[in-house]
Amino acid sequence: MLKVKNLIDLQRFAADASAGLVATGTKLEMSADGTAFTEIAGIKTIPDIGADPETVDVTDLADTKKKSVAGIENTQNLALACVYKGENFTDLIAKSGDGKQYHWKVTYPDGMTATFQGSFTIKIGNVAVNGAMDFTITVVVSDGPDFTAPSSGQ
């Protein structure tokens, strides 16, 4: 009797962003030293990550229209929404508002990462009848964000 093995094409399960990418599976991690990262459970939303350049006015009296050049990038605070699951909140309480610079890493489903550093605070969201408890982690970004493209797997 001939046995046929069922082969699984693992490439079918790899994240392929060519047609777009669904955010499911995105995770947030933090670290005190930038080496050992711990995932924060219950992440609900991650805001826009990046920086816009400040506008530097270089118009002089000979110009008839205003002229500008790009200045330094202005990184905004990042407000990350989380579902309150008890332990995910209590793990952050002692560190919230301590002023220390933590390392943060967002990993997207295709393996791309965004890393940044900053201190943070937490706050409980509003509470309502038949509503889920949530909280927000607000990171004051002091360095970054830096993006790393996903590895090609080759």
Checklist entry - Does Ser96 use its side chain to pair, donor to acceptor, with the backbone of Ile93 at less than 3.5 Å? => result no

Item to check | Considering all heavy atoms, the nearest Ile137-Trp104 contact | outcome: CG2-CH2, 3.9 Å

Checklist entry - Heavy-atom distance under 4.5 Å between the side chains of Thr148 and Thr115, does that happen here? => result no

Checklist entry - Where do Gly25 and Pro109 come nearest, in terms of heavy atoms and distance? => result C-CG, 4.4 Å

Checklist entry - Using the ring of each side chain (for Trp, its six-membered ring), is Tyr84 parallel, tilted or perpendicular to Phe89, with breaks at 30° and 60°? => result tilted

Next on the checklist: Is it the case that atom CG in Asp48 sees more than 12 heavy atoms from other parts of the structure closer than 6.0 Å?
Outcome noted: no

Item to check | Short side-chain to backbone donor-acceptor contact, Thr136 and Ala79, under 3.5 Å | outcome: no

Next on the checklist: Test side-chain contact (heavy atoms from CB on, under 4.5 Å) on Ser119 and Gln101; report intermediate values, then the result.
Outcome noted: CA-CA 5 Å; Ser119 59; Gln101 297 297 301; 3.9 Å; yes

Item to check | Pairs satisfying salt bridge (Lys or Arg N to Asp or Glu O under 4.0 Å), at least one member in residues 65-84, at least two apart | outcome: Asp63-Lys67

Checklist entry - Can you tell me how far CG of Leu28 sits from CD1 of Ile40, rounded to the nearest 0.5 angstrom? => result 4.0 Å

Next on the checklist: Just so I know, are the side chains of Thr75 and Phe116 near enough to count as touching, which here means a heavy-atom distance under 4.5 Å?
Outcome noted: no

Next on the checklist: Working to the nearest 0.5 angstrom, can you tell me the gap between Thr38 OG1 and Lys105 NZ?
Outcome noted: 10.5 Å

Item to check | Partner set under ring-ring contact (aromatic ring centres under 6.0 Å, His included) for Tyr108, not counting sequence neighbours | outcome: none

Checklist entry - Going only through I, L, V, M, F, W and Y residues with side-chain contacts under 4.5 Å, is there a path from Ile49 to Tyr102? => result yes

Checklist entry - What distance do Asp146 atom CG and Gln117 atom CD have between them, rounded to the nearest 0.5 Å? => result 9.0 Å

Item to check | Closest non-hydrogen atom pair, Asp110 against Pro150 | outcome: O-CB, 2.9 Å

Checklist entry - Heavy-atom distance under 4.5 Å between the side chains of Leu80 and Ile46, does that happen here? => result yes

Next on the checklist: Check for me, please, whether Ile122 and Val106 land in the same ILVMFWY cluster - side-chain distances under 4.5 Å, paths through other members count.
Outcome noted: yes

Next on the checklist: For the CG atom of Asp98 and the NZ atom of Lys95, what is their distance to the nearest 0.5 Å?
Outcome noted: 8.5 Å

Next on the checklist: Test of understanding: clusters of I, L, V, M, F, W, Y form through side-chain heavy atoms closer than 4.5 Å, transitively. Do Phe120 and Val140 belong to the same one?
Outcome noted: no

Checklist entry - Between Phe37 and His103, what is the shortest heavy-atom contact and its length? => result CE2-O, 3.7 Å

Next on the checklist: Tell me whether Ile124 shares a hydrophobic cluster with Ile43, the cluster being built from Ile, Leu, Val, Met, Phe, Trp, Tyr side chains joined at under 4.5 Å.
Outcome noted: yes

Checklist entry - How close do Gly42 and Asn88 get, heavy atom to heavy atom, and via which atoms? => result CA-ND2, 4.2 Å

Checklist entry - Do Leu92 and Val141 sit in the same hydrophobic cluster, where Ile, Leu, Val, Met, Phe, Trp and Tyr count as joined when their side-chain heavy atoms come under 4.5 Å apart? => result yes

Checklist entry - Measuring from Asp134:CG to Lys123:NZ, what's the distance to the nearest 0.5 Å? => result 10.0 Å

Item to check | Closest contact, heavy atoms only, Phe147 versus Ala114 | outcome: CE2-CB, 3.6 Å

Item to check | Donor-acceptor pair, side chain of Ser31 and main chain of Ala36, under 3.5 angstrom | outcome: yes

Checklist entry - If you measure from CG on Asp91 to CE on Met30, what distance do you get to the nearest 0.5 Å? => result 9.5 Å

